[in-house]
Amino acid sequence: SGKENLIVGDAKQSIYRFRGSEPDQFIALPAVGGQSQFLFESSYDKQVLDTNYRSAHNIIRFNNRFFKELCRQILSDDQHSVYEDLHQNTFAKEDGEVRIHLIEKAYKDEKTEAYFEAMLKRIKALEAENKNALGETCMLFRSNKHASQFASLLLEQSIDVISEESLLI
């Protein structure tokens with residue numbers, strides 16, 4: 001209708017394809033086709049935010065290296081345009097931590113159980129080392145079902161849980 005719109009997106013978040021994210025949407029902008037294409041092209045102003053203000057510097061460094069290698073080794077040339085200019089500067093001074101656990105089990109339920117065991121073990125280790133307040137720990141899941149299952153496991157272990165669902169009550 002000739003009105004202006006603001007489209008905000010984070011291409012790095014588009015790695016979560018299991019949540020319906022499509023990085024090709026970033027590649028296609030502003031050439032969306034149809035009646036709106038001229039409007040998009042004439043008012044398109046791509047802005048790349050070069051400083052991350054919320055994540056710890058170790059996490060940002062990991063992400064920068066991860067996406068650089070992703071572009072170099074895995075992505076097609078078309079997909080490079082989405083990720084290649086996304087190096088971020090750090091603002092936060094505190095340390096963060098990235099740990100990757102590879103779980104090899106044959107069946108889906110066994111994998112889920114192994115993931116949960118590894119996560120619970122790490123939470124308990126952080127608690128024992130007094131390196132991390134539980135309120136500063138975030139777990140990401142592919143589905144609400146897995147998040148709920150893991151929250152139940154934590155509660156069985158007398159570990160308090162704050163979740164999106166619990167905040168709605």
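Note that the numbering runs from 1 along the sequence shown for the chain. This one's a predicted model, so the numbers in the text were calculated from it and none came from an experiment.
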Hey, what do you get for [atom1] ([X]) to [atom2] ([Y]), rounding to the nearest 0.5 Å?
X	Y	atom1	atom2	value
Glu117	Leu153	CD	CG	9.0 Å
Thr112	Lys145	OG1	NZ	7.5 Å
Asp50	Asn89	CG	CG	5.0 Å
Glu113	Leu120	CD	CG	11.5 Å

Do any N or O atoms from the side chain of Asn58 and from the backbone of Gly96 form a donor-acceptor pair under 3.5 angstrom?
->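 Yes; at least one donor-acceptor contact below 3.5 Å.
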
Under the side-chain contact (heavy atoms from CB on, under 4.5 Å) criterion, do Leu154 and Gln157 qualify, and how do the steps go?
-> CA-CA 5 Å; Leu154 291 176; Gln157 300 286 320; 5.6 Å; no

Indicate the atoms forming the closest heavy-atom contact of Glu129 with Arg122, along with that distance.
->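 It is OE2-NH1, 4.2 Å.
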
Which pair of non-hydrogen atoms, one from Ala92 and one from His57, has the smallest distance, and what is that distance?
->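 It is O-CB, 3.8 Å.
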
When Gln88 is tested against each of Asn64, Asn63, Asn52 for side chain to side chain donor-acceptor pair (under 3.5 Å), which residue passes?
->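 Only one option passes, and that is Asn52.
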
Tell me, yes or no, whether the heavy-atom count around Gln149 atom CD, taken from other residues, nucleotides or ligands under 6.0 Å, exceeds 12.
->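 More than 12 within 6.0 Å, yes.
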
Residues that Phe150 engages under ring pair (Phe, Tyr, Trp, His ring centres under 6.0 Å), provided they are two or more places apart =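 Partners of Phe150 by the ring pair (Phe, Tyr, Trp, His ring centres under 6.0 Å) criterion, ordered by chain and then number, come out as Phe116, Phe141.
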
Hey, does Lys124 have a side-chain heavy atom less than 4.5 Å from the side chain of Lys121?
->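 No - every pair of side-chain heavy atoms lies 4.5 Å or more apart.
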
Would Phe62 end up clustered with Ile74 when hydrophobic side chains under 4.5 Å apart are linked, directly or stepwise?
->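 Yes, Phe62 connects to Ile74 through the hydrophobic network.
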
Non-neighbouring partners of Glu41 that pass side-chain contact (heavy atoms from CB on, under 4.5 Å), sequence neighbours left out =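 Glu41 satisfies side-chain contact (heavy atoms from CB on, under 4.5 Å) with Pro30, Ala31, Gln37 once adjacent residues are dropped.
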
